[in-house]
Amino acid sequence: MINPVNAAAAYASTAARATGPKALGPTEGASFGDVLEQAARGAIGSLQKNETMSAQAAVGKADLNDVVQAVTNAEVTLQTVTAVRDKVLSAYQEILRMPM
């Protein structure tokens, strides 16, 4: 099974070798890996918050509208994470198919 973090690291490594360190110059902002990690942490936090809301609903401590909104938000977050994962894996597989 391909690990998405390894795929992102391989992509970043290949991009750095293709352009060379002198061609890039000084970089500003976060790296691709940092942005990907931040997005993953945000998605995990969102899913945990939504899970807490669902647990409160199970014991009758949450409003039904809030629960429906939390479940919908969790579904959208999961679909987004799945789509990003598929794109990263697709890019990694394309890199593997490139001739050396």
Side-chain angles (χ1 to χ4, degrees):
M1 183 173 184
I2 298 173
N3 185 345
V5 175
N6 290 343
Y11 176 79
S13 174
T14 302
R17 278 185 286 172
T19 58
K22 296 187 191 236
L24 290 177
T27 59
E28 295 181 20
S31 70
F32 177 73
D34 292 339
V35 171
L36 193 61
E37 180 181 355
Q38 183 180 10
R41 289 185 190 278
I44 291 169
S46 175
L47 290 174
Q48 288 173 341
K49 182 179 116 182
N50 296 329
E51 183 178 342
T52 302
M53 181 64 73
S54 295
Q56 288 177 351
V59 294
K61 294 184 178 180
D63 183 40
L64 183 60
N65 291 332
D66 293 337
V67 173
V68 170
Q69 185 178 10
V71 169
T72 303
N73 187 17
E75 183 179 1
V76 169
T77 301
L78 185 60
Q79 288 173 350
T80 303
V81 168
T82 302
V84 169
R85 181 208 59 196
D86 291 345
K87 289 290 186 180
V88 168
L89 292 177
S90 175
Y92 181 70
Q93 289 171 345
E94 281 295 317
I95 290 170
L96 288 178
R97 284 189 222 125
M98 287 182 181
M100 292 287 186

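Every heavy atom of this structure was used, including side-chain atoms; hydrogens, water molecules and symmetry mates were not.
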Hits for side-chain contact (heavy atoms from CB on, under 4.5 Å) against V68, two or more places apart or cross-chain, chain-then-number order -> L64, T72

Approximate separation, where rounding is to 0.5 Å, of E51 CD and I44 CD1
12.0 Å

Quick check: does any side chain N or O of S46 sit under 3.5 Å from a backbone N or O of G42, one acting as donor and the other as acceptor?
no

Any side-chain to backbone donor/acceptor pair from S90 onto D86? Under 3.5 Å, distance only.
no

What are the two closest non-hydrogen atoms of A57 and A62, and how far apart are they?
N-CB, 3.8 Å

Flag if over 12 foreign heavy atoms under 6.0 Å of CZ, R41
no

Out of curiosity, does F32 fall in the hydrophobic cluster containing V84 (side-chain heavy atoms, cut-off under 4.5 Å, transitive links)?
yes

Between V71 and M53, is there a shared hydrophobic cluster once you connect ILVMFWY residues whose side-chain heavy atoms come closer than 4.5 Å?
yes

Rounded distance (nearest 0.5 Å) linking atom CG of N50 with atom CG of D66
11.0 Å

Can you name the nearest heavy-atom pair linking A74 to L47, along with the distance?
O-CD2, 3.7 Å

